[in-house]
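Every heavy atom of this structure was used, including side-chain atoms; hydrogens, water molecules and symmetry mates were not. The shown structure was predicted, so the numbers you read here are calculated from the model rather than taken from an experiment.
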Amino acid sequence: QVQLVESGGGLVQAGGSLRLSCAASGSIVRINDMGWYRQTPGKQREAVAIITSGGTTNYAHSVKDRFTISRDNAKNTVYLQMNSLKPEDTAVYYCQAFVATMSALSLKNYWGQGTQVTVSS
């Protein structure tokens with residue numbers, strides 16, 4: 001029904017930047033909150049940044065002032081601009097969205113497949 005496809009991950013040196021994108025597709029009626037999460041082996045997935053449909057943002061303390069989340073509602077896309085990257089930012093990054101579809105008008109939580117971000121020291 002709904003697919004979230006991420007792009008933009010890769011390998012970067014400490015202090016560098018990357019921009020992640022996540023496009024939602026399918027029979028979408030409405031998208032509420034969208035977000036980025038990350039996970040490293042053996043640890044729980046953690047929230048990195050969230051953005052509401054109205055543009056209100058929230059960030060994890062560890063990325064505040066370095067990462068910026070934004071969205072293009074016309075394109076059903078959410079972005080994560082990551083600056084001043086640190087080795088501890090290395091993780092698989094997942095996008096997430098609460099989506100209502102033509103077949104299920106109530107909001108359902110969807111996840112992307114994940115994209116690897118590796119920051120070398």
Side-chain angles (χ1 to χ4, degrees):
Q1 292 180 340
V2 174
Q3 280 193 319
L4 301 182
V5 179
E6 298 124 336
S7 60
L11 173 64
V12 65
Q13 287 189 331
S17 298
L18 282 174
R19 189 191 194 212
L20 305 182
S21 300
C22 172
S25 62
S27 54
I28 296 170
V29 172
R30 178 168 55 98
I31 302 178
N32 272 24
D33 293 0
M34 303 182 82
W36 289 96
Y37 291 70
R38 66 188 182 188
Q39 189 170 23
T40 54
K43 292 190 177 181
Q44 282 193 329
R45 192 173 297 186
E46 63 172 358
V48 175
I50 307 293
I51 185 167
T52 68
S53 56
T56 300
T57 59
N58 279 290
Y59 297 92
H61 179 74
S62 60
V63 307
K64 200 170 177 62
D65 299 326
R66 297 189 298 121
F67 291 9
T68 301
I69 189 171
S70 60
R71 63 191 285 172
D72 185 333
N73 291 330
K75 295 181 179 179
N76 291 333
T77 299
V78 63
Y79 306 96
L80 185 68
Q81 178 66 44
M82 304 184 293
N83 298 328
S84 302
L85 281 160
K86 303 175 181 181
E88 51 263 43
D89 294 319
T90 296
V92 177
Y93 283 71
Y94 298 89
C95 74
Q96 170 270 336
F98 287 101
V99 183
T101 62
M102 292 293 289
S103 60
L105 295 180
S106 59
L107 293 168
K108 183 179 176 182
N109 192 20
Y110 291 90
W111 292 92
Q113 80 285 357
T115 185
Q116 177 70 45
V117 171
T118 302
V119 184
S120 63
S121 57

**OP:** Classify the angle between the aromatic ring planes of Trp111 and Tyr37 as parallel (below 30°), tilted (30 to 60°) or perpendicular (above 60°).
**Re:** perpendicular
Original post:
Passes side-chain contact (heavy atoms from CB on, under 4.5 Å), Leu107 versus Arg30? Steps please.
Top reply: CA-CA 8 Å; Leu107 293 168; Arg30 178 168 55 98; 4.2 Å; yes
**OP:** Apply side-chain contact (heavy atoms from CB on, under 4.5 Å) to the pair Tyr94 and Arg45, showing each step before the final yes or no.
**Re:** CA-CA 9 Å; Tyr94 298 89; Arg45 192 173 297 186; 3.5 Å; yes
Original post:
Is the count of non-hydrogen atoms from other residues, nucleotides or ligands lying under 6.0 Å from Gln3 atom CD greater than 12?
Top reply: no
Decide yes or no for [X] and [Y]: does some side-chain heavy atom of the first lie under 4.5 Å from some side-chain heavy atom of the second?
{"X": "Phe67", "Y": "Leu85", "answer": "yes"}
{"X": "Asn73", "Y": "Ile31", "answer": "no"}
{"X": "Trp36", "Y": "Val63", "answer": "no"}

Calculate, to the nearest 0.5 Å, the distance between atoms [atom1] and [atom2] belonging to [X] and [Y] respectively.
{"X": "Ser121", "Y": "Lys86", "atom1": "OG", "atom2": "NZ", "value": "14.0 Å"}
{"X": "Asn32", "Y": "Asn109", "atom1": "CG", "atom2": "CG", "value": "11.5 Å"}
{"X": "Phe98", "Y": "Lys108", "atom1": "CZ", "atom2": "NZ", "value": "12.5 Å"}
{"X": "Glu88", "Y": "Ser62", "atom1": "CD", "atom2": "OG", "value": "8.5 Å"}
{"X": "Tyr110", "Y": "Ile28", "atom1": "OH", "atom2": "CD1", "value": "8.5 Å"}
{"X": "Thr68", "Y": "Leu80", "atom1": "OG1", "atom2": "CG", "value": "8.0 Å"}

Of all the heavy-atom pairs spanning [X] and [Y], show the shortest one and how long it is.
{"X": "Pro87", "Y": "Ala14", "result": "CD-CB, 4.1 Å"}
{"X": "Gln116", "Y": "Thr90", "result": "NE2-CG2, 3.9 Å"}
{"X": "Val12", "Y": "Gly16", "result": "CG2-CA, 3.8 Å"}
{"X": "Ala24", "Y": "Leu4", "result": "CB-CD2, 3.3 Å"}
{"X": "Cys95", "Y": "Val78", "result": "CB-CG1, 4.4 Å"}
{"X": "Val5", "Y": "Gln113", "result": "CA-OE1, 3.9 Å"}

Original post:
For Leu20, does its backbone N or O pair with a side-chain atom of Glu6 as donor and acceptor, under 3.5 Å?
Top reply: no
Original post:
Which residue pairs pass the salt bridge (Lys or Arg N to Asp or Glu O under 4.0 Å) test with at least one member in residues 63-76, sequence neighbours excluded?
Top reply: Arg66-Asp89
Subject >> Sole candidate of Ser27, Ser25, Ser103 that passes side chain to side chain donor-acceptor pair (under 3.5 Å) when paired with Gln1 >> reply: Ser103
**OP:** Start with the C-alpha distance between Ile50 and Ile69, add both sets of side-chain angles, then the distance that settles side-chain contact (heavy atoms from CB on, under 4.5 Å), and finish with yes or no.
**Re:** CA-CA 7 Å; Ile50 307 293; Ile69 189 171; 5.6 Å; no
**OP:** Tell me whether Met82 is reachable from Tyr79 by hopping between hydrophobic residues (I, L, V, M, F, W, Y) whose side-chain heavy atoms are closer than 4.5 Å.
**Re:** no
Subject >> Asn83 side chain to Ser17 side chain, donor-acceptor N/O pair below 3.5 angstrom >> reply: yes
